[in-house]
Structure formats: structure tokens, C-alpha cells
Amino acid sequence: MTAPCRRRNSPLLEPFADGELPTDKTVEVETHLDECECCRESVELSRALKLSLQRAVRSDAEPSTEFAERVTRALSAERERQEERERQPERGRPLAWRFIVPVAAAAGVTLVWGALDQQGKGTHPDGRISANMATSTPGVTASLDQMVDELVSHHVQSRDPDVVEPSQINKLEPEVGVPVRVPSLQQYGLRWEGASVIPVRQLNQRAASLRYSYDGHRVTLYVYNSAQFPLRATLEPRVVRNMPVYVGSRRGYSIAAVEKRGVGYAVATDLDDRESAELVASIH
Amino acid sequence: MKLFPSLSKKPASTAEFEREAVQHLGALLAVATRMTRNGTEAEDLVQDTLVKAMRAREQFESGTNMRAWLLRILTNTFINRYRRGGLEKAVLEGPDADPLADGWVSASTMSAMRDPESTALRPVLEAEIRRALDELPEEFRLAVVLADVEEMSYREIADIMGCPIGTVMSRLHRGRRILKGRLYEHALDMGIVSPEAVVGSGDAPVSLAAFRAKKAVTR
């Protein structure tokens with residue numbers, strides 16, 4: 001029996017078997033394996049385990065015919081729903097705005113203005129939602145612009161988060177006044193970093209700020225009471241995934257917002273505005 | 001790197017997407033079954049995953065690995081639906097590996113556990129794997145399935161599980177250590193390896209009696 005090698009517990013062996021080591025370390029391990037039966041067998045056993053796991057798990061669950069049919073039916077139903085939806089707005093882009101106006105109106109834009117200190121109404125740069133902006137004054141637009149500025153400034157400063165544990169995030173709820181949950185953005189490669197509550201001085205309100213990182217970029221997601229944060233008034237409306245998204249940019253950062261059941265979500269990123277819009281539209 | 005590469009591409013039609021996605025039904029179901037350990041839940045999880053994927057198909061970059069993409073949705077759905085907030089606890093409270101298994105066994109014993117005909121484990125041990133896998137704490141099981149069965153990189157697993165790469169490595173290490181320990185025990189029972197081959201975490205050999213006594217305590 002060969003004496004056990006003191007390197008058999010080396011943290012390099014498993015990553016080596018997984019093909020995760022950089023070249024120099026790979027060479028180092030290979031050189032050692034050439035002369036050490038114990039570690040060589042350890043790596044072989046890891047590989048055997050991997051192969052057997054693959055065979056065991058893959059051979060394990062053959063989908064039944066009933067199940068395959070059930071899935072096919074579910075997908076066909078979903079496909080028909082989507083195709084139905086795609087047929088509708090195909091008559092050109094301007095039509096899409098018809099979708100937004102009723103939604104914006106139904107969400108109670110007048111209520112939003114009522115919450116502001118100044119008795120004014122907002123306006124939209126191109127006036128496409130002018131129905132709701134009949135009595136706009138420049139003063140309010142300026143203060144809303146400053147609010148967007150504030151959010152972007154906060155995104156840029158990026159102070160350390162108060163809450164790091166995702167399960168603790170609902171503790172922010174009393175301060176923000178709306179449910180705060182961590183949306184699953186991992187599928188885009190976004191990594192959760194933490195959350196805090198930030199004051200928005202322009203409105204004398206508070207918002208939750210959820211921070212993510214993405215490939216070296218920072219993404220901040222704000223969650224707020226959409227009745228108190230008329231973000232849409234200063235941003236440009238677009239339709240993304242059949243829902244209205246409000247998009248704009250400040251100082252090279254893009255900001256995009258959606259509203260769902262009275263809760264507003266806005267992302268501030270240094271990505272381009274289409275990506276920010278896609279990202280915020282994917283929150284559900 | 002683009003967050004939404006599909007923005008500059010035309011998405012696949014729903015019919016094309018449906019055809020391709022259904023080809024991965026078996027692979028998805030296999031992983032879902034190991035995750036949920038329940039046939040009905042596994043089927044629901046897979047169906048849910050495919051419908052979600054179909055809705056989000058614009059985000060899929062055609063020409064890339066659809067199976068990996070679907071698995072990511074499946075794993076996220078599983079974590080969100082079944083295990084929100086409960087995962088860390090499972091790891092902290094789950095059974096740890098037998099420290100003796102960390103000292104592991106001699107080269108000849110490890111060699112004896114492998115099938116001389118193939119590069120896999122001996123068939124009699126392979127038959128035990130599924131049960132051993134099911135008994136792993138959830139986070140270890142998930143990491144092992146994603147790394148060993150789906151051959152995802154540490155980076156991909158870290159993204160899916162929402163934890164640092166170091167945590168993935170430690171979960172993999174602990175999960176595999178438990179699996180190897182279980183398989184070794186089974187190999188002993190089946191007489192494939194002989195008990196005196198056990199080597200302790202130090203350099204001194206440890207008796208089978210001590211090994212088993214320890215095992216009984218940790219159970």
C-alpha cells in the first residue's frame with residue numbers, strides 16, 4: 001500500500017479535475033500527478049464519480065408520454081397567446097402609444113400630481129401623453145428633473161449597503177412604504193450586492209436602493225411608492241414586452257422605470273438605455 | 001459583453017423555439033427530479049421552466065447553449081419557489097462529512113472503486129449513487145448536479161446560486177466528500193475493498209471499528 005501523500009487534500013486537486021485551474025497551476029498539478037499515485041487515484045476517482053453521476057442522473061428520469069404531451073400543450077397555448085399579442089400592434093409604432101395613454105391614465109396620473117408640493121402638472125418632452133399634462137408648469141418639471149438627478153447621483157456614489165442578506169430585505173418595507181423584494185436578475189448575470197433606504201429630498205420621500213453588479217458595471221434598482229414618485233413624467237415612455245417603460249438618461253447614465261400595482265421600479269445603470277429598459281421590464 | 005445580446009438579433013419564432021426547447025425535456029426532467037426528489041414536483045418545475053423560457057425567448061441568444069440557458073431558468077425557479085431563505089440553513093444544519101473521509105483512503109482502494117473496463121465507478125457503486133445524492137443537503141446536491149452532471153463552470157454555478165465562487169467550491173468539495181464517503185462505505189459492505197485500507201486524517205491508520213463508530217455518532 002502506498003503511503004498517503006500530504007497533498008491529497010490540496011485545494012488544487014478538485015478544481016484540476018473540474019478543469020478550472022489556470023495553465024500554470026494545471027502544469028504544477030500534472031507534474032505532481034506524474035510522480036504521485038495517491039493524488040492521481042484521487043483525481044481518477046473524482047472523474048469516475050463525475051461520469052457515474054452523469055449516467056445515473058441522466059438515465060434516471062425519462063419523461064413519460066403523458067408528461068411530454070402536457071408540456072407540448074402548455075407550450076402551444078403559450079405560443080398562441082404570444083402570437084395573438086404580436087398580431088395586434090403590428091400596424092406601426094404610433095399605435096403602441098395608444099396602449100400607454102390608457103394605462104397611464106388608469107394608474108391615476110392626477111393623483112400623482114396631487115402628491116406634489118407645488119400645484120402643477122408635468123409635461124412630456126414630445127407631448128405624446130399630453131392628455132394627462134394639460135396644465136403643466138415648468139417648475140414641477142424642473143423639480144422632477146432634479147429627482148432623477150438625485151437618483152443618478154446616488155447610483156454614482158454607491159455607498160455601502162445597509163442590508164446584505166436578501167432574506168432581510170423586507171425590513172426596508174416600513175421605511176419605503178411598499179413591499180420590497182429582491183427580484184431575480186441572476187439570469188442576466190447580475191450579482192446581488194445589498195440594499196439600503198435612501199432619502200429623495202426633492203420629494204421628501206424614501207426609496208429602497210438595491211445594488212447589483214454586472215461584469216464590472218454597477219446596477220442600482222430603486223423600489224418606491226409609484227404614487228409618490230412621478231418618474232414617468234420626466235422620462236420618455238416606450239413599450240417593452242408589451243408594457244410601458246419610462247426611459248431617460250442623465251450624465252451618461254441611463255435610467256428606466258416601470259410601475260406595477262402601485263410599486264415603482266427604476267434601474268440606473270451605465271448600460272445603454274435599451275438595455276436598462278429591457279432589464280427593468282423583466283422584473284416581475 | 002452585452003446584457004441583452006438579443007436586442008440586436010431577431011428572436012427565433014415561437015414554433016422554432018418550442019421545437020428546440022422540447023428536445024431538452026429529458027435533461028431538464030433529470031435535473032429537476034434530483035433537485036425536488038419528487039416526480040410530480042419535478043414535472044411541474046420543468047413545465048413551468050419551459051413556459052417561462054418561451055415568454056422570455058427574446059433573451060435567448062440563438063446559436064448559444066439552450067440547455068444551459070434552460071437549466072439556469074430551472075434552477076432559479078427551483079430556488080425561488082421552494083427554497084427562498086431556507087438554503088443557508090440546510091447547509092449549516094446538514095450533516096457534515098465524516099472527517100475520516102477527508103483523510104480519504106489509499107490509492108489501491110480508490111483504484112478498486114473504479115470500473116477497470118470504463119473510467120466510471122464500478123457498476124455496483126454506480127447503482128448506489130442516486131440514493132447517496134438524494135441524501136445530500138440541498139445546496140450540496142444542487143452544486144454537485146450543476147457541476148458534475150451539467151458540467152457548468154464554477155462561475156456559472158455561482159451566478160445561478162447567487163453566491164461567491166469560493167462558496168461553490170466549498171459546497172462541491174463537501175458534497176463530493178460525503179458522496180465518496182457513502183460510496184466507500186458501500187464498497188466496504190459489498191466487499192469490493194478491504195477495511196484495512198482506511199487511512200485516517202493523520203498519517204496513522206484507523207481501524208474499521210473506529211471508522212464505523214464515528215460514522216454511527218455522526219448519523
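Just the heavy atoms: all of them, side chains too, but no hydrogens, waters or symmetry mates, feed the values below. Below, chains carry the letters A, B, ... as their sequence lines are ordered, and counting in each starts from 1.
Using a 4.5 Å cut-off between heavy atoms, P15(A) contacts chain B through both its backbone and its side chain. In this structure, chain A has a heavy atom under 4.5 Å from the side chain of S118(B), while its backbone stays farther away. Residue R40(A): no heavy atom, backbone or side chain, is found under 4.5 Å from chain B. Both the backbone and the side chain of V51(B) come within contact range of chain A, with heavy atoms under 4.5 Å apart. The part of A147(B) that comes within reach of chain A is its backbone (N, CA, C, O), which places non-hydrogen atoms under 4.5 angstrom from that chain. Heavy atoms of D159(B) lying under 4.5 Å from chain A belong to its backbone as well as its side chain. Only the side chain of L183(B) comes within contact range of chain A, with heavy atoms under 4.5 Å apart. Residue contact with chain B, scored on non-hydrogen atoms closer than 4.5 Å, involves the backbone and the side chain of R79(A) alike. Heavy atoms of V145(B) lying under 4.5 Å from chain A are absent altogether. For chain B, no part of A77(A) is nearby; none of its heavy atoms comes within less than 4.5 Å. Of the two parts of E151(B), only the side chain, counted from C-beta on, holds a non-hydrogen atom closer than 4.5 Å to a non-hydrogen atom of chain A. Both the backbone and the side chain of R55(B) have a heavy atom closer than 4.5 Å to some heavy atom of chain A. In this structure, the portions of L50(B) lying under 4.5 Å from any heavy atom of chain A include both its backbone and its side chain. With a threshold of 4.5 angstrom between heavy atoms, T269(A) does not approach chain B through any atom at all. Only the side chain of L133(B) comes within contact range of chain A, with heavy atoms under 4.5 Å apart. Interface remark: L125(B) contributes no atoms to any contact with chain A (heavy atom separation under 4.5 Å).
Residues E126(B) and S52(A) share a closest heavy-atom pair of OE1-OG, 2.7 Å. The shortest heavy-atom contact between R191(A) and A158(B) is NH1-O, 3.9 Å. Counting all heavy atoms, side chain and backbone alike, E41(A) lies closest to A107(B) at CG-O, 3.5 Å.
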Worked check of salt bridge (Lys or Arg N to Asp or Glu O under 4.0 Å) between R47(A) and D148(B) | CA-CA 9 Å; R47(A) 289 182 172 151; D148(B) 283 341; over 6 Å; no
For the pair R114(B) and L45(A), evaluate side-chain contact (heavy atoms from CB on, under 4.5 Å) and give the outcome as yes or no after the intermediate values.
-> CA-CA 7 Å; R114(B) 291 190 291 114; L45(A) 187 67; 4.1 Å; yes
Steps toward side-chain contact (heavy atoms from CB on, under 4.5 Å) verdict (S64(A), E43(B)) | CA-CA 10 Å; S64(A) 66; E43(B) 289 189 351; 4.0 Å; yes
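Atom CG of residue D18(A) and atom CD1 of residue I157(B) lie 8.0 Å apart, to the nearest 0.5 angstrom. Distance CD/E78(A) to NZ/K52(B): 12.0 Å, rounded to 0.5 Å. The CG atom of L49(A) sits 8.5 Å away from atom CE of M113(B), with the distance rounded to the nearest 0.5 Å. To the nearest 0.5 Å, atoms CD (E14(A)) and OH (Y154(B)) are separated by 6.0 Å.
Counting only heavy atoms from C-beta outward, the side chains of L121(B) and L51(A) never approach each other to under 4.5 Å. Side-chain contact check for L75(A) versus F17(B): every heavy-atom pair is 4.5 Å or farther apart. For the pair K180(B)/S46(A), a side-chain contact is recorded, criterion being any heavy-atom separation below 4.5 Å from C-beta on.
With hydrogens and angles ignored, the 3.5 Å screen pairs no side-chain donor or acceptor of T119(B) with any backbone N or O of A48(A).
Taking a 6.0 Å sphere around CZ of R131(B), one finds it holds 12 or fewer heavy atoms contributed by other residues, nucleotides or ligands.
Top candidate by heavy-atom pairs under 4.5 Å with chain B, chosen from Q54(A), E20(A), K50(A), is E20(A).
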